[in-house]
Amino acid sequence: MPLKLYNSLTRQKEIFKPITPPHVGMYVCGPTVSGESHLGHARPYITFDVVVRYLTYLGYKVRYVRNITDAGHFEEEGREAEDKISKKAQLEKVEPMELVQKYTNLFHWAMKQFNTLDPNIEPTATGHIVEQINMIEKIIEAGYGYVVNGSVYFDVKKYAATHNYGELSGRIVDDLLETTRSLEGQDEKRNKADFALWKSAPPQHIMRWKSPWGEGFPGWHIECSAMATKYLGSRFDIHGGGMDLQFPHHESEIAQSWICNHVEPAKYWMHNNMITINGKKMGKSYNNVIKLTEMFSGNHPLLTQAFNPMTIRFFILQTHYRSTLDFSSEALVAAEKGLKRLWEAYEILKKLKSANIDLPADSELDNKINKLIDEFDEFMNDDFNTAKVLANIFEIVPVINSLKDGLIRKDAISSATLHRTKDVFTIYLENILGLQSLSQNNETLNGVMELLADIRKEAKSKRDFYTSDKIRKQLAELGIEMKDEKDGSISWSAG
RNA sequence: GGUCCUGUGGCCGAGUGGCUAGGCAGAGCUCUGCAAAAGCUUCCACAGCGGUUCGAAUCCGCUCGGGACCUCCA
């Protein structure tokens, strides 16, 4: 069964066929680093991280390009339109690149917490001003861009005469042209549907570059077209991003690229859905964002506790990427508990010893496990259905726990099945889903815990429950849970 | 107003027309020095009204509700 993915361009699931196998080029719209990343931002990067991981698992050589938008459409908050403050204030003012650097670093840090793989190329908009200007010049030469007062606009009406503007987002150009909304700067445009390729910089803009049309900054859509073309070519396999970018951002990217490269830029467009909070999209404009740093610290009125980045990753993967995901502290607590149980079972599985038998005593169970595992790939091949993979994994969890506790005989399943389960769990949980333990391993701590477990065991054997309970109780106060296992051993988990 | 998506049990969510995903929470039981964990069992669904069909959560229509985009947005 081949990999199928939902292509926003055709609005259906299609069999994935790379343009030049085994290579796959994928471009994902990265963050605008004018502020701190919030929970909503976590979704696309985790979603497409799994896409990269799965494509790699299938044997493809992926070039993953994810940009950093560090130029153009943002202003420093609260800055006066004019430099009234004396020139000596240079150092007191926030330097634009300082701001951008700060939030880029923070973003990278958060992505590390989520255990996402680094993109192969992470180009910045500011680093590609030349490429963007070149592209705009091409568009002007082709007759699809026009200059007004130092700004350059893309002529959508003209483009739509020969191309399908709206093919990705389902817009009808005539409707766009008749839109009744009146927005700032519309007077410069020939038509309301036109979008900026280059904007002349008003004084309050803290980032500005020289261009053939005067000082300004690039329009929002051109950077992705320019950088995707540069690193992936005129035509590449997958373009990803949030659903909210479908229009106008991605639609406009397509238009720009068509004019410059005369070809449909991406073969497959993938869009992840939004994270909502009380049913509403989490976003700047709704004033309902929870920053990632707040998620990790629990320092937010809507959070009842701090959340481990892995809990968030797991929470996101429990839903299909094209569905909205409604956030609540309660839902995250549930995810945390689920992941904990899942991971403990995985740790147990790794230590399970095979009964060294070829023929399982319980062939029904053996078959069931193999069937559940067979489905992992099927589910992933069906548009990356991580939710169903996790559901199957959870169906195997009780079997693992029962094997450990002797509730299911060791010889119930064959050695081959046990080994396969171990291998596939590692591949899926760690390599594909990119999950990690909620608690970190620490050699010293492990040693100390082993010692404490020994002392507790001794105390128990002497029925010195005062001592044994004291150890367990005081560890609990430190956030470490100690548990007696059925086989007499003692396990523990921090977290 | 236009375009599109969506409505599943206490909560989060998966669902290809027939075989009632899964997680968390609740209840009962087993295990246990106690505790926790674990295991087993169990309760609680498919917004409403019609239609198609032998059969619909799944297809169609209408009604009601929610949301996204059309403006910066992951």
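Within every chain, numbering begins at 1; the chains are lettered A, B, ... in the order of the sequence lines, protein sequences first and strands thereafter.
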ask   = Taking for each residue the nucleotide of RNA chain B bearing the nearest heavy atom, is the 5' side occupied by A:K280 or by A:F465?
value = A:F465

note = Between A:F247 and A:L390, whichever has its closest RNA chain B nucleotide further toward 5' is A:L390

Salt bridge check: are [X] and [Y] linked by an N-O gap of less than 4.0 Å?
X      : Y      : answer
A:E347 : A:K350 : yes
A:K157 : A:D194 : no
A:R472 : A:E477 : no

Watson-Crick or G-U wobble mate for [N], both contacts under 3.5 Å:
N     : answer
B:G18 : B:C54
B:G39 : B:C29
B:C69 : B:G2
B:G7  : B:C64

In terms of side-chain heavy atoms of [X], which of [options] is nearest?
X      : options             : answer
A:A331 : B:C12, B:C69, B:A74 : B:C12
A:N385 : B:A14, B:C34, B:C69 : B:A14
A:R472 : B:A74, B:A21, B:A35 : B:A35
A:R456 : B:C12, B:G33, B:A74 : B:G33
A:D484 : B:C72, B:C34, B:C12 : B:C34
A:H320 : B:G22, B:G15, B:A74 : B:G15
A:K337 : B:G23, B:C24, B:A14 : B:C24

query = Phosphate oxygens OP1/OP2 of B:A68: is one of them under 4.0 Å from a side-chain N or O of A:Y286?
reply = yes

ask   = Under 4.0 Å: is that the gap between some side-chain N or O of A:S491 and OP1 or OP2 of B:A37?
value =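 False: A:S491 side-chain N/O out of range (4.0 Å or more) of B:A37 OP1/OP2.
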
request  = Kindly state which residues belonging to residues 3-12 of chain A come within less than 4.0 angstrom of RNA chain B, counting heavy atoms of the residue only, listed by number.
outcome  =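 Result for residues 3-12 of chain A: none.
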
message = Can you pull out the residues from residues 41-55 of chain A that lie within a 4.0 Å heavy-atom distance of RNA chain B?
response =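 Those residues whose heavy atoms fall under 4.0 Å from RNA chain B, taken from residues 41-55 of chain A in numerical order, are A:H41, A:P44, A:Y45.
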
Tell me which donor-acceptor pairs under 3.5 Å the side chains of residues 316-324 of chain A have, and how far apart each pair is, sequence neighbours excluded?
residue: A:H320; atom: NE2; partner: A:D383; partner atom: OD2; Å: 3.3
residue: A:Y321; atom: OH; partner: A:D383; partner atom: OD1; Å: 2.7
residue: A:Y321; atom: OH; partner: A:D383; partner atom: OD2; Å: 3.3
residue: A:R322; atom: NE; partner: A:D383; partner atom: OD2; Å: 2.8
residue: A:R322; atom: NH2; partner: A:D383; partner atom: OD2; Å: 2.9

ask   = What pairs with A:E330 under side chain to side chain contact (heavy atoms under 4.5 Å, CB included), at least two apart in sequence or on another chain?
value = A:S328

query = How would you list, by chain and number, every residue that makes a side chain to side chain contact (heavy atoms under 4.5 Å, CB included) with A:A355, sequence neighbours excluded?
reply = A:I357, A:K410, A:D411

task = Output all residues satisfying ring-ring contact (aromatic ring centres under 6.0 Å, His included) with A:F425, sequence neighbours left out; order by chain, then residue number.
result =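 So A:F425 forms no ring-ring contact (aromatic ring centres under 6.0 Å, His included) with any residue.
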
request  = Check ring-ring contact (aromatic ring centres under 6.0 Å, His included) between A:F195 and all other residues, then give those that pass, not counting sequence neighbours.
outcome  =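 So A:F195 forms a ring-ring contact (aromatic ring centres under 6.0 Å, His included) with A:F154, A:H221.
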
Distance in angstrom units between A:E330 CD and B:G13 P, rounded =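 Going from A:E330 (CD) to B:G13 (P), I get 11 Å.
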
Which atom pairs link the protein and nucleotides 38-42 of chain B when you take only N or O atoms and keep those under 3.5 Å?
residue: B:A38; atom: O3'; partner: A:N401; partner atom: ND2; Å: 2.9
residue: B:A38; atom: O2'; partner: A:D405; partner atom: OD2; Å: 3.2
residue: B:G39; atom: OP1; partner: A:N401; partner atom: ND2; Å: 3.1

inquiry  = Which residues pass the side-chain hydrogen bond (donor to acceptor under 3.5 Å, both in side chains) test with A:D377, not counting sequence neighbours?
reply    =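 Only A:Y57, A:Y428 meet the side-chain hydrogen bond (donor to acceptor under 3.5 Å, both in side chains) criterion with A:D377.
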
Sequence neighbours excluded, every pair satisfying side chain to side chain donor-acceptor pair (under 3.5 Å) that has a member inside residues 280-292 of chain A = A:D244-A:K281

query = Quick check: are there more than 12 heavy atoms from other residues, nucleotides or ligands sitting under 6.0 Å from CD of A:Q12?
reply =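 Enclosed.
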
task = For residues 454-494 of chain A, pull every pair meeting ring pair (Phe, Tyr, Trp, His ring centres under 6.0 Å), keeping only residues two or more places apart or in separate chains.
result =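 Counting only pairs at least two positions apart or across chains, no ring pair (Phe, Tyr, Trp, His ring centres under 6.0 Å) contact touches residues 454-494 of chain A.
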
Under-3.5 Å N/O pairs linking protein and nucleotides 2-7 of chain B:
residue: B:G2; atom: O2'; partner: A:D175; partner atom: OD2; Å: 3.2

query = Is there a donor and acceptor pair, one atom on the side chain of A:S285 and one on the base of B:C72, closer than 3.5 Å?
reply = yes

Check: A:D469 side chain, B:G33 base, donor-acceptor under 3.5 Å = yes

